[in-house]
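Working notes, beginning with the structure itself.
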Number of protein chains: 2
Amino acid sequence: MTRRSTSVTIRDVARNAGVSVATVSRYINRNAPVSDAVAARLDAVMGDLKYAPHAAARSLAMRRTQTIGLLLLNMHRDFFAPLISGVEAIVSQKGYNLLVATSRPSMRKNVQPPIGAHNTDGLLVFADSLDDEQIYRLYQKKFPVVLIHRTAPKNAPVPSVTVENKAATRKSIDHLIEVHGRRRILFMRGPAHQEDSYWREVGYLASLEDHGIPFEDTLMLSGEFESEIAYANLKKFIETGATPFDAVFTGDDDAAIGVLEALKDTGKRVPEDVAVIGFDDLRLTSFLNPPLTTVRAPTDEVGRTAAAQLFRIIDKQVPESTILLPTEIILRRSCGCQS
Amino acid sequence: MTRRSTSVTIRDVARNAGVSVATVSRYINRNAPVSDAVAARLDAVMGDLKYAPHAAARSLAMRRTQTIGLLLLNMHRDFFAPLISGVEAIVSQKGYNLLVATSRPSMRKNVQPPIGAHNTDGLLVFADSLDDEQIYRLYQKKFPVVLIHRTAPKNAPVPSVTVENKAATRKSIDHLIEVHGRRRILFMRGPAHQEDSYWREVGYLASLEDHGIPFEDTLMLSGEFESEIAYANLKKFIETGATPFDAVFTGDDDAAIGVLEALKDTGKRVPEDVAVIGFDDLRLTSFLNPPLTTVRAPTDEVGRTAAAQLFRIIDKQVPESTILLPTEIILRRSCGCQS
DNA sequence: CCGTTTACTGTAACCGGTTACATTATGTCA
DNA sequence: TGACATAATGTAACCGGTTACAGTAAACGG
């Protein structure tokens, strides 16, 4: 009679209902028929015992955690709210739980990531929250992984979901050149080695080339997808007697915010003196002053799509190898439209 | 030799290192001395077997999941990014995992919440993502719970962490009246039964009373802490030949955005015709047009504090019963300051 | 030199579920 | 009516860890 744990187990339910644990388990999981009489008794017993199955025990027995993991770089940016939201929607709809963790590159020294094969059934990996090596290891184990905003390493062809970066950026630069007659367009690049950042840069260069505008490396500044950094770098650029410029493509909306501030603080009018275009279409950018022309990235949908792909793998279906969600330029005042 | 699972277990490690499973377990958990020779051998073996302990098995044996749960209402609002971020920081620092789930009141019909005693060691409950009844049940079981932006039911005195709502709102209204001479102040209330919403309303009424301004119920509109709803309701209010008003306290920044738009679309100038004050200080509000006067709520810190309190309970220390984090008015242009 | 710690290790019984296999009762069909 | 499928249930062996208990060898104290 010495009960070690205070929690009520499946054996308690079985005893009180006068059946075996196997029957209880079957009824709970609805995977084998149970007589109506027994079913009713079980409902009653489970009701007053307030029985809740122990997740760890179930995971252990079934070799399935019923949990998927989302690995992020950090969660400070507003960008992650819609991403998590999209992922969570699909995950909960599938009856799974969502484990969220961050993995900054700095802490990745030989330490195994906080989530992985040992505690989830699949992993959503944002950008470089894991390095190629770690992704390869998961791939080797055939562990379900979907990459977000990052393409797969050559030796580990796992599915990925990202957004169209290059074409949208190119069209944005085209727009600045063709519609607004800008030719000295500053590009604020994102973090090095970040793929979004890379492809946006490629799009920028492609557009310049299309229009026969020579690339000037003084017109490329680091914005790091962060408003403070973008602000500081642009301000310094302007104050230290800068190369003239008549437009800025900021690489992302966060940086765009810093850019708008820096321009305001240095007395430049947007869009008259300098046209500005961002990327992401964060929820509040239409209310900025002036409203920000930007590229809409369907971040919520990225989250949903990635989660859906992951479940395809888990359910032994064939996932798409790469999904590139379309982006769309949202013309507002900061580029000179709607003035 | 018929291995059922392909995964490498502690027994594999034990066999390859020529020791017992108990020794391996002790070495992994560093909870009993192990000879240097054995330690070295284990490091080597675990290295090439790429052994990773199975979380579920460990949880089952230790009766501890090493996971805490965060229960939210929904994650669409930018408000949740800093909250999750703050929680995650503390949780990961403690070596725990974070399970995130949403529980909309509509889905709460007799269904047990997705996270709870069965799969976490403690729960952070945001606002009314659980009802009094459910909180009481957890309290009865002595299950660690900390409430966020919500106070405890009388029969379940669990700790809570929230922000100062009433005083800050009162000071905001005082400011509108005393500094800017406004007397017809519209109040956009939040969701019914939401505590933040309730206390902000109380603060509003208190300030009116202090200044001998009679409350008019036509000056109270529903904003629901959502920009679209606030926009629609205010616009309708104005267009249907409204009671005149010279200021709006919007209850939250999301609603404030809708309010600013509605005012712009109906040709009212902010702050000349109508002063506006929000609540939360979302990251982008200083860049709105005009920059939004608002009350800064330290949401990231709320997350960190709540997580820290939860760990106090888990670690058998005594938590604070209620923590009310201070808020602060941030004066910008929308109320008439800094013009 | 002997009794007593102390350091290290092993055996096996848990933790709370699932499920392969066996068993019984009932219904179906030739 | 006998052979056989089917429904409903039970027994017990897992899943992969932890840890109580026990044992051995070396160190220590008097």
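Note: hydrogens, waters and symmetry copies are ignored here, and every other heavy atom, side chains too, is used. Sequence lines set the chain letters: A, B, ... in the order given, protein chains first and strands last, and positions in each chain run from 1.
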Using a 3.5 Å distance criterion without hydrogens, assess whether the side chain of [X] forms a donor-acceptor pair with backbone atoms of [Y].
X: A:Arg150; Y: A:Ser129; value: no
X: A:Asp131; Y: A:Gln134; value: yes
X: A:Ser59; Y: A:Ala55; value: yes

How are the rings of B:His149 and B:Phe79 set relative to one another: parallel (under 30°), tilted (30 to 60°) or perpendicular (over 60°)? perpendicular
Spacing between [X] atom [atom1] and [N] atom [atom2], to the nearest angstrom:
X: B:Tyr51; N: D:dG16; atom1: OH; atom2: P; result: 10 Å
X: B:Asp12; N: D:dG16; atom1: CG; atom2: P; result: 9 Å
X: B:Arg30; N: D:dT18; atom1: CZ; atom2: P; result: 13 Å
X: B:Arg64; N: D:dT18; atom1: CZ; atom2: C1'; result: 11 Å
X: B:Arg63; N: C:dG16; atom1: CZ; atom2: P; result: 6 Å
X: B:Arg15; N: D:dG17; atom1: CZ; atom2: P; result: 12 Å
X: A:Leu42; N: D:dA8; atom1: CG; atom2: C1'; result: 13 Å
X: A:Ile10; N: C:dT19; atom1: CD1; atom2: C1'; result: 11 Å

Short side-chain N/O contact from [X] to OP1 or OP2 of [N], under 4.0 Å:
X: B:Ser7; N: D:dG16; result: yes
X: A:Tyr27; N: C:dG17; result: no
X: A:Thr9; N: C:dC15; result: no
X: A:Asn31; N: C:dT18; result: no

Picking from [options], which would you name as closest to the side chain of [X]?
X: B:Arg58; options: C:dG16, D:dT11, D:dG17; value: D:dG17
X: A:Pro33; options: D:dG17, D:dA8, C:dT9; value: D:dA8
X: B:Val34; options: D:dG17, C:dG10, C:dT9; value: C:dT9
X: A:Leu60; options: D:dG16, C:dG17, C:dC15; value: D:dG16
X: B:Ser35; options: C:dC15, D:dT18, C:dC8; value: C:dC8
X: B:Ala22; options: D:dT19, C:dC8, C:dG16; value: D:dT19

Going by atom types only, do A:Glu88 and B:Thr102 share a side-chain donor-acceptor pair under 3.5 Å?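 There is such a pair between these side chains.
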Find which nucleotide of DNA chain D each of A:Arg41 and A:Val21 is nearest to by heavy atoms, and output the residue with the more 5' nucleotide. A:Arg41
I want to check a possible cation-pi pair here: A:Arg137 against A:Tyr139, using under 6.0 Å from ring centre and within 45° of the ring axis as the test.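 So A:Arg137 doesn't make the cation-pi contact.
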Would you indicate what A:Thr23 reaches in the nucleic acid, counting non-hydrogen atoms under 4.0 angstrom: base, sugar-phosphate, or nothing?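 Touches sugar-phosphate only.
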Is there, by distance only and without an angle test, a donor paired with an acceptor across the side chain of B:Arg26 and the base of C:dG10 below 3.5 Å? yes
Return whichever of B:Arg11 or A:Ile28 has its heavy-atom-nearest nucleotide of DNA chain C closer to the 5' end.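 Counting from the 5' end, the first nearest nucleotide belongs to B:Arg11.
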When A:Ala57 and B:Ala32 are each assigned the nearest nucleotide of DNA chain C, the 5'-most assignment goes to B:Ala32
